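The block underneath contains the structure these notes are about, expressed in C-alpha cells.
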Amino acid sequence: MDNFSKPDRDTALGDPECEICGGIGWVRQDLPISHPDFGRMQVCECRQSKVAQQAQARLFRLSNLQAFSQMTLDSFKTEGRMGLGDQQVSSLQVAHNQASHFSQNPSGWLLFMGTYGSGKTHLAAAIANKVIELGFPTLFLTVPDLLDWLRYTYGSNESSFEERFEEIRNIRLLVLDDLGTQNTTPWAEEKLYQILNHRYTHHLPTVITTNQELIEIEGRIRSRLQDPDLVTIVRILAPDFRSPVREEKRTISTLELLSDCTFGTFNLRDREKLTPEQKRSLEGAFDAANSFANDPHGWLVFVGTYGCGKTHLAAAIGNYRLAFGEEPIFVVVPDFLDHLRATFNPTSNTSYDHLFEQVRSASLLILDDLGTQSATPWAREKLYQIFNYRYNAKLPTVITTSNDLGEMDPRIRSRMLDSRLCSMHLILAPAYIRSAESSSKPRKKN
C-alpha cells in the first residue's frame, strides 16, 4: 500500500508484523487536502479480513439466524407430509431447486408464495444461512420485526435510524420474511416501499416470502414484484406442514356424505325418453368425468339444471381419486361461505386462515353449486381469491353450477371461459326422477 503513513495509535489491532501499519490496524492515506478522504482513517490490509468477519457476525446476530440454524437446504423435506398430491410435492421440489440455485449465485429477486407452514421461511432462512457461509453480507428480517425496530429507533435516535435504514436498503442480500403481515399504516407502507424500491432500482439481490396473493399487496410494491425480468415467483402448493393434513381436511370436505356417488352407480338414463341431444350431453359429461378422474388436470365444469347428475359426477371424481390415497376437498359453495362467516365468531374453534387455505390450495378441489351463494361483495371477493389462486397455479378443479354464466362475477367467468385451462360441459338432460325400478337398476356405460 503506497502513499500511506502510520497514524499515532496506542492500541494495536492489526498484525504485529505488518510493515504497513506496524500492528496498529489503521492507516491514513497520503492525499491532497482537497480530496474527500483526506485525513480519514482506513483499515489496514492486515485487519480487513478480521473486520469483515466481525461485520458478518454482527449481521448474523441482527438477523437472529441462530434461531433458524437448523433450517438448511439439506434439512428441507421436499416430499412434505404423507398424502400430498403430485403437484404439491412437485411445487416443494421446484421451490427447493430455486433456493439452491439462488444461494449459489444470489442475483435478482426470489419470491416464495404459499400458505402458513408450507416451507417458505425454511427456504428463505436456508438461503441466508448458505450465503452467509460464503461470506456474502446478508440480513434476514421478518417484515413486522423490521418495521417495529424502525419505529422504535425513529422515535429514540434519528441518527441510529438513518444508519440502520441505509444498511437495510443497501445490504448485499436482504431476506424479508412474511411480507403482508405487517401493520399497514401509511408510515410502515412508505418505509417498506422505500427499501424495496431502492433495491429494485439497483437490482440488489432480495428474497421475499408471503402468504398473500399479489392482488392483496400494496400496489407500488406489487408492481415491482410482478416484473419478470427481475423477480422469480415460486408458488408452494403444499399445506401447513405443522398441522395434520387429513384431520384438517375432514373439517370442511363433505365428500364422505356422497360415498355412494361413483361412476358405477351413475345412471345414464337410457330407459328414459331423452332426446338424442340430451343423451349425448349426458354421455359426454360422463366420459369427461371419467377422463378427468384418471388424469386430473385443468378445470372441469358441469352446467345443467338441478338434479341432472352434475353433483353425482363431481363426487364420483372425488371418490375415484380418494381410492388412490389422495384427499380431494368437496364443498358446496353456499355452505362453504357460511363456514367462513362462522369463523369470524370469537367462539369458533376453526381458524379462518386454515379453512380458507385448505380450500384455496387443495390438490383437487370440487366446488358444487356455484352461483347459489349470497352474492354479497364479501362473498364475491372470497370466491374470486380462490378462483384466481387456483387459476394462476393451474390446480385441478371441478365445478358444478345451474346458473347461466352471464350471471356470475365477470372475474370468475373469464377464468372459467379460458379454454386453455377449462373444459366445460352442458348437461341438457332434465332433472332425474328416481323410481323404484331405476333406483334398483342403475345403468352403467361400458
Side-chain angles (χ1 to χ4, degrees), residues 85-88 90-91 111 113-115 210-217 219 222-223 225-226 228 233-237 239 252-253 284-285 288-289 291-293 295-304 310-311 313-314 317-318 321 328-337 340 355-427:
D86 292 342
Q87 286 189 315
Q88 291 175 315
S90 177
S91 73
L111 173 62
M113 303 179 68
T115 187
T210 183
N211 55 52
Q212 291 192 324
E213 280 297 293
L214 288 175
I215 196 172
E216 302 173 85
I217 296 174
R222 179 175 69 245
S223 69
L225 294 176
Q226 291 177 314
I233 298 178
V234 181
R235 291 181 177 272
I236 302 178
L237 306 178
I252 185 62
S253 180
S291 297
F292 188 93
D295 181 23
H297 66 275
W299 290 11
L300 182 62
V301 180
F302 295 119
V303 183
K310 309 183 304 295
T311 297
L313 289 176
I317 293 171
R321 299 312 303 177
I329 288 184
F330 182 105
V331 293
V332 180
V333 174
D335 293 345
F336 168 61
L337 293 175
L340 285 182
L355 199 61
F356 187 75
E357 287 301 330
Q358 206 181 108
V359 171
R360 188 170 75 160
S361 60
S363 59
L364 171 59
L365 176 63
I366 303 169
L367 292 170
D368 190 35
D369 224 2
L370 175 67
T372 62
Q373 67 282 353
S374 172
T376 64
W378 182 90
R380 287 196 298 269
E381 190 60 32
K382 293 300 108 181
L383 280 177
Y384 168 69
Q385 289 173 9
I386 291 172
F387 272 80
N388 191 53
Y389 180 89
R390 298 187 69 81
Y391 177 82
N392 290 327
K394 297 179 174 57
L395 291 174
T397 307
V398 179
I399 303 163
T400 79
T401 182
S402 59
N403 279 37
D404 187 290
L405 293 184
E407 302 172 7
M408 292 187 180
D409 184 323
R411 299 175 297 176
I412 293 177
R413 181 175 64 245
S414 68
R415 285 151 179 77
M416 292 173 64
L417 291 175
D418 185 348
S419 59
R420 298 170 300 176
L421 177 72
C422 185
S423 174
M424 190 170 299
H425 295 267
L426 177 62
I427 301 177

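In this text, all values refer to a predicted model and were calculated from it rather than measured experimentally.
A heavy-atom distance below 4.5 Å is not found between the side chains of L313 and F292. Taking 4.5 Å as the limit, every side-chain heavy atom of L214 sits out of range of all side-chain heavy atoms of N392. Using a 4.5 Å heavy-atom threshold, the side chains of T210 and L111 count as touching. Side-chain contact check for L365 versus I386: some heavy-atom pair is nearer than 4.5 Å. Residues E357 and N211 form no side-chain contact, since every pair of their non-hydrogen atoms from C-beta on lies 4.5 Å or further apart. For the pair L367 and V331, the minimum side-chain heavy-atom distance is below 4.5 Å. Between S361 and L237 there is no side-chain heavy-atom pair separated by less than 4.5 Å. Side-chain contact between M424 and L417 is present, with heavy atoms from C-beta onward closer than 4.5 Å.
Taking both residues in full, the closest heavy atoms of A314 and F302 are given as N-CE1, 4.5 Å, listed atom of the first, atom of the second, then distance. When every heavy atom of K310 is checked against every heavy atom of I427, the shortest pair comes out as CG-CD1, 4.1 Å.
Under the 6.0 Å distance and 45° angle rule, R415 does not count as a cation-pi partner of F387.
In terms of modelled atom types and a separation under 3.5 Å, the side chain of S423 and the main chain of L300 share no donor-acceptor contact.
A salt bridge does not link R222 to E213: none of the charged nitrogens lies less than 4.0 Å from a carboxylate oxygen.
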